Engineer: 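Starting off with a structure, shown below.
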2 protein chains.
Amino acid sequence: MPKRRWLKRDVVIEQAAALANEAGSVTAVSLATLAQALQIRPPSLYNHVASLEDLHRGLALFGLRQLMVELRQASLGLVGREAILATASAYRRFVHAQPGIYPLTVRAPEPEETEATALSQELVQMLLLMMASLGLQGDDAIHAIRGLRAILHGFTSLETAAAYKIPLDQDESFYRLLNAYLDGLTQ
Amino acid sequence: MPKRRWLKRDVVIEQAAALANEAGSVTAVSLATLAQALQIRPPSLYNHVASLEDLHRGLALFGLRQLMVELRQASLGLVGREAILATASAYRRFVHAQPGIYPLTVRAPEPEETEATALSQELVQMLLLMMASLGLQGDDAIHAIRGLRAILHGFTSLETAAAYKIPLDQDESFYRLLNAYLDGLTQ
DNA sequence: TTGACAAACTAATGATATTAGTTTATAAAC
DNA sequence: GTTTATAAACTAATATCATTAGTTTGTCAA
């Protein structure tokens with residue numbers, strides 16, 4: 001019964017993310033279940049996170065980091081519509097792979113969450129560049145980005161909520177939606 | 001200290017909806033706060049709802065009913081793009097007016113929730129009709145509906161989550177998104 | 001070897017949903 | 001009008017939750 005000392009915030013958050021993704025929702029991870037998975041007692045978690053809310057903040061950052069890794073990789077070397085479609089696919093893949101923590105990445109970070117804020121800004125910059133390569137600038141580009149994010153978040157959320165019940169290929173629906181929007185934007 | 005007997009399930013759910021919408025989230029309504037608002041003790045609520053989950057089911061149906069009232073009214077007598085734009089505006093207005101219960105209306109109802117299922121189907125039928133008046137039928141229409149719902153849910157959710165931080169008119173973003181999509185669909 | 005501290009622990013608190021068992025107001029039947 | 005059945009309130013109690021306070025102990029650096 002040793003008092004292990006190897007536990008780091010990162011390990012705690014990683015484990016929490018694993019539990020959340022297995023269950024498909026953050027609500028499934030309580031301090032009790034998380035502590036059990038880490039083989040410690042619930043109060044000991046407070047050595048690594050300040051509160052349940054702080055754990056969620058940590059999960060959001062953890063998710064945002066991974067999301068951006070995937071999006072950067074997906075868009076590497078691509079421009080215009082090709083870049084946007086590849087990024088959109090990667091976004092959707094991320095939501096499917098990490099259904100538990102994805103919703104946390106959506107909430108706007110507080111100003112003091114500097115890394116999360118930076119990642120959010122990077123995402124906007126990345127999309128702005130793609131819109132520019134489609135010929136959109138200034139306010140047009142901002143409106144276009146808002147629309148794209150609405151599409152990505154909306155489609156993947158409804159998918160996850162099992163709201164599309166008709167047996168018709170969802171990949172196809174996704175690409176049609178994106179292409180229709182991009183056609184409409186650029187015509 | 002009378003044992004009042006006027007309390008009905010509808011009243012309980014109405015009060016719960018009011019609390020949820022005031023706070024902007026269902027998570028704000030516990031059986032304790034709800035009981036307090038109704039001036040009864042928490043266990044007494046079990047005379048009207050089977051559980052917290054059942055209360056949420058009730059709230060979802062309550063919301064879905066109102067949403068459909070608004071959408072029917074908004075689209076009355078309109079066809080094609082005009083009908084879709086009016087319906088979309090009404091949808092967005094509903095989300096703004098009822099931020100607490102809107103998210104519950106998104107989850108797909110279980111088959112035994114007959115009225116909720118019927119309302120869901122009515123929504124699909126309504127949108128199918130509009131798509132038909134745009135010239136879309138069959139699978140094309142289904143894909144188009146999925147896209148539209150993704151847009152409506154995605155845009156309003158991101159708005160509510162305060163994810164659009166740049167000071168640029170959100171009405172404008174919404175209409176540009178819809179029009180771009182509809183342009184892309186019908187070209 | 002020692003001493004400081006991070007990280008674990010136990011114990012306790014207040015909020016939560018929920019169940020069991022009890023009382024009582026009210027509406028219908030007599 | 002009195003009786004009675006029951007819906008709807010109640011009290012009491014339980015298990016689980018996040019959280020705080022105070023205590024112990026392993027480990028690393030001096």
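Below, chains carry the letters A, B, ... as their sequence lines are ordered, and counting in each starts from 1. Computed from a prediction, not measured in an experiment: that's the story for all the values here.
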Engineer: Hey, are the side chains of B:Glu70 and B:Gln98 touching, using non-hydrogen atoms and a 4.5 Å cut-off?
Structural biologist: no
Engineer: Could you give the CG-to-P distance, from B:Leu38 to D:dA9, as a whole number of Å?
Structural biologist: 9 Å
Engineer: Nearest-Å distance, CG (A:Leu52) to P (C:dG14)?
Structural biologist: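 It is 20 Å, rounded to the nearest whole Å.
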Engineer: Grab the NZ-C1' distance between B:Lys8 and C:dT26 for me, whole Å please.
Structural biologist: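 Going from B:Lys8 (NZ) to C:dT26 (C1'), I get 12 Å.
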Engineer: Check the phosphate of C:dA6 against A:His48, side-chain N and O only, distance under 4.0 Å to OP1 or OP2. Yes or no?
Structural biologist: no
Engineer: Hey, what do you get for OG1 (A:Thr87) to CG (A:Leu148), rounding to the nearest 0.5 Å?
Structural biologist: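 So the OG1 of A:Thr87 and the CG of A:Leu148 are separated by 8.5 Å.
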Engineer: Near DNA chain C, which residues from residues 26-34 of chain A have a heavy atom under 4.0 Å away?
Structural biologist: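 None, since no heavy atom is under 4.0 Å.
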Engineer: Taking only N and O in the side chain of A:Arg41, is any of them less than 4.0 Å away from OP1 or OP2 of C:dT10?
Structural biologist: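 Answer is yes, contact under 4.0 Å.
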Engineer: Do the side chain of B:Asn47 and the base of D:dA9 come within less than 3.5 angstrom through a donor-acceptor pair of N or O atoms?
Structural biologist: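 Answer is yes: a donor-acceptor pair is held.
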Engineer: Can you find a heavy atom in the side chain of A:Leu76 that is under 4.5 Å from one in the side chain of A:Arg72?
Structural biologist: no
Engineer: Any side-chain donor paired with an acceptor under 3.5 Å for A:Ser89 and A:Tyr175?
Structural biologist: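 Checked: A:Ser89/A:Tyr175 side chains pair up, N/O donor to acceptor below 3.5 Å.
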Engineer: Could you give the OH-to-C1' distance, from A:Tyr46 to C:dT13, as a whole number of Å?
Structural biologist: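 That distance rounds to 13 Å.
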Engineer: Roughly, in whole Å, what's the span from CD1 in A:Ile40 to P in D:dG26?
Structural biologist: 17 Å
Engineer: For the pair made of CG in B:Leu45 and P in D:dT11, what is the distance, rounded to whole Å?
Structural biologist: 14 Å
Engineer: Nearest whole angstrom, please: distance from the C1' of C:dA17 to the NE2 of B:His56.
Structural biologist: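 In whole Å, C:dA17 C1' lies 11 Å from B:His56 NE2.
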Engineer: Would you be so kind as to tabulate the donor-acceptor pairs closer than 3.5 Å made by side chains of residues 135-144 of chain A, with sequence neighbours excluded?
Structural biologist:
residue: A:Asp140; atom: OD1; partner: B:Arg176; partner atom: NH1; Å: 2.7
residue: A:His143; atom: ND1; partner: B:Ser173; partner atom: OG; Å: 2.7

Engineer: As an exercise, state the distance from OH of A:Tyr91 to CZ of A:Phe155, rounded to the nearest 0.5 Å.
Structural biologist: 13.0 Å
Engineer: Quickly work out the B:Glu53 CD to C:dT16 P distance and round it to whole Å.
Structural biologist: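 Nearest whole value for this atom pair: 19 Å.
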Engineer: Given side chains that start at C-beta, do those of B:Arg81 and B:Leu185 come closer than 4.5 Å, heavy atoms only?
Structural biologist: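 No, every pair of side-chain atoms sits at 4.5 Å or beyond.
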Engineer: So, does A:Ser44 get its side chain near the phosphate of C:dA7, meaning an N or O under 4.0 Å from OP1 or OP2?
Structural biologist: no
